[in-house]
2 protein chains.
Amino acid sequence: MGFREDVRKVKALADENRLAIMLALQHGEKCGCVLLEELNITQPTLSHHMKILCDSGLVASRKEGKWMHYSLSPEGISSYREMISGYVRCDCECEEDESDTCCCNTTG
Amino acid sequence: MGFREDVRKVKALADENRLAIMLALQHGEKCGCVLLEELNITQPTLSHHMKILCDSGLVASRKEGKWMHYSLSPEGISSYREMISGYVRCDCECEEDESDTCCCNTTG
DNA sequence: CACATATATTTACGGTTGTCAATGTGTAAA
DNA sequence: TTTACACATTGACAACCGTAAATATATGTG
């Protein structure tokens, strides 16, 4: 919702390993030990990254016995894409009127 | 194209000021001095952020006299959104077959 | 030419962040 | 209960990153 929250969400994806985790989860739920085999990192590092991804809402977790199952959250995915669309967008149909707030326009 | 490049592009947006710059440019081209008034940062810091945004392809620059005009790049915007879509996505129609690569499935 | 303005670069500093070793917690099996 | 396994937490360290002062470059003005 807020700007600070948006910054946190963008940063949640701004890491090599976390991007790789997003790819690894695209085909379904996986538990931590499997992710650990696929990524060349230690277990505490994986735990660290999963916490960030879960906090961002992109990933959901489910505990089953001693295993943690991680999966992409459809709501989080949707929310993230909407958030990004708010920043990465050209308002091409917007009038040029506002551009004359620039100090160095030669059109005036 | 490559994974490393994707990481760089995601990181290009993972900053409070750079997100604010993306918003500031949504309604058209602006020169550096105007951005400088809108953001509470110094001129070297702005120059630093603009370089990162331009390198990522999201922002285009145009020199006119002593002024630098910055604007959102439609191609960069489009490319960025496609790139993000590759990572932030649920393959919901995908079969669950691949999930049995997990060491701790109880369905088998 | 000297001077002012807009921007880029260099340099240094402080805070953040990714990483792993060590340890703690919880769960299941022997 | 003891042992083994999966995961979380803590602490420490190194690398990265945002920041601004100082300086450099480029353009325009007198």
Side-chain angles (χ1 to χ4, degrees), chain A residues 3-22 24-25 29-56 59-71 101-106, chain B residues 3-22 24-25 29-56 59-71 99 101-106 108:
Chain A
F3 182 67
R4 289 296 173 96
E5 192 66 22
D6 290 346
V7 176
R8 268 189 61 244
K9 288 177 78 169
V10 176
K11 285 187 177 180
L13 228 54
D15 176 82
E16 173 183 4
N17 284 311
R18 292 197 291 272
L19 269 187
I21 292 169
M22 292 298 290
L25 292 180
E29 191 180 59
K30 284 184 181 175
C31 71
C33 54
V34 169
L35 290 174
L36 201 52
E37 290 173 358
E38 300 184 7
L39 308 166
N40 246 4
I41 56 179
T42 62
Q43 180 269 323
T45 299
L46 175 67
S47 190
H48 167 71
H49 288 309
M50 297 317 297
K51 180 173 172 55
I52 292 175
L53 285 175
C54 288
D55 285 349
S56 76
V59 171
S61 63
R62 180 175 65 88
K63 187 169 188 177
E64 183 180 343
K66 51 183 175 178
W67 293 286
M68 282 293 286
H69 296 263
Y70 298 103
S71 59
T101 56
C102 188
C103 64
C104 41
N105 276 347
T106 54
Chain B
F3 183 66
R4 288 297 173 95
E5 192 65 23
D6 290 346
V7 176
R8 266 190 62 243
K9 287 177 77 169
V10 176
K11 286 186 176 180
L13 229 53
D15 174 82
E16 174 183 2
N17 285 310
R18 292 197 290 272
L19 270 187
I21 291 169
M22 292 299 289
L25 292 180
E29 191 179 61
K30 284 184 181 176
C31 70
C33 54
V34 168
L35 290 173
L36 201 51
E37 291 173 356
E38 300 183 8
L39 308 165
N40 247 3
I41 56 179
T42 63
Q43 180 269 322
T45 300
L46 176 66
S47 189
H48 168 70
H49 288 309
M50 297 317 297
K51 180 174 173 54
I52 292 174
L53 285 175
C54 289
D55 286 350
S56 77
V59 170
S61 63
R62 178 175 65 88
K63 187 170 186 176
E64 184 180 342
K66 53 183 175 179
W67 292 286
M68 282 293 287
H69 295 263
Y70 297 103
S71 60
S99 67
T101 56
C102 187
C103 64
C104 41
N105 276 347
T106 54

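Just so it is clear, the values below take in all heavy atoms, side chains as well, and ignore hydrogens, waters and symmetry mates.
With sequence neighbours excluded, no residue satisfies side-chain hydrogen bond (donor to acceptor under 3.5 Å, both in side chains) with Ser71(A). In terms of the salt bridge (Lys or Arg N to Asp or Glu O under 4.0 Å) criterion, Lys66(B) has no residue partners (sequence neighbours excluded). By the side-chain contact (heavy atoms from CB on, under 4.5 Å) test, Gln43(B) is found to be paired with Leu36(B), Ser47(B), residues two or more places apart in sequence or in another chain being considered. Every residue two or more places apart in sequence or in another chain that forms a salt bridge (Lys or Arg N to Asp or Glu O under 4.0 Å) with Arg62(A) is listed here: Glu29(A), Glu64(A). Partners of Met22(B) under the side-chain contact (heavy atoms from CB on, under 4.5 Å) rule, at least two apart in sequence or in another chain, are Leu13(B), Leu53(B), Leu58(B), Val59(B), Leu72(B), Ile77(B). Residues satisfying the side-chain hydrogen bond (donor to acceptor under 3.5 Å, both in side chains) test with Asp6(B), not counting sequence neighbours, are Tyr87(B).
Taking atom NE2 on His69(B) and atom P on dA8(C), their separation rounds to 12 Å, with Å as the unit. Taking atom CZ of Arg8(B) as the reference point, atom P of dC16(D) lies 15 Å away to the nearest angstrom. Put simply, CE on Met68(A) is 18 Å from P on dT25(C), counting in whole angstrom units. Atoms CG (Asp55(B)) and C1' (dC17(D)) sit 15 Å apart, rounded to a whole Å. One atom, OH of Tyr70(A), and another, P of dA6(D), lie 13 Å apart when rounded to the nearest Å.
Side-chain atoms of Gln43(B) and base atoms of dA8(C) include a donor and an acceptor less than 3.5 Å apart.
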Enumerate all atom pairs, one protein N or O and one N or O from nucleotides 25-30 of chain D, separated by less than 3.5 Å.
none

For nucleotides 13-19 of chain C, which of its nitrogen or oxygen atoms have a protein nitrogen or oxygen under 3.5 Å away, and what is each distance?
| unit_1 | atom_1 | unit_2 | atom_2 | d |
| --- | --- | --- | --- | --- |
| dG18(C) | OP1 | Arg18(A) | NH1 | 3.4 |
| dG18(C) | OP1 | Arg18(A) | NH2 | 2.8 |
| dG18(C) | OP2 | His48(A) | NE2 | 3.4 |
| dT19(C) | OP1 | Asn17(A) | ND2 | 2.8 |
| dT19(C) | OP2 | Asn17(A) | ND2 | 3.2 |
| dT19(C) | OP2 | His49(A) | NE2 | 2.4 |

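Distance alone, capped at 3.5 Å, is enough to place a donor-acceptor pair between the Lys30(B) side chain and the Ala24(B) backbone.
Residue pairs that meet the salt bridge (charged side-chain N to carboxylate O under 4.0 Å, His left out) test with at least one member in residues 9-22 of chain A, sequence neighbours left out, are Glu16(A)-Arg4(B).
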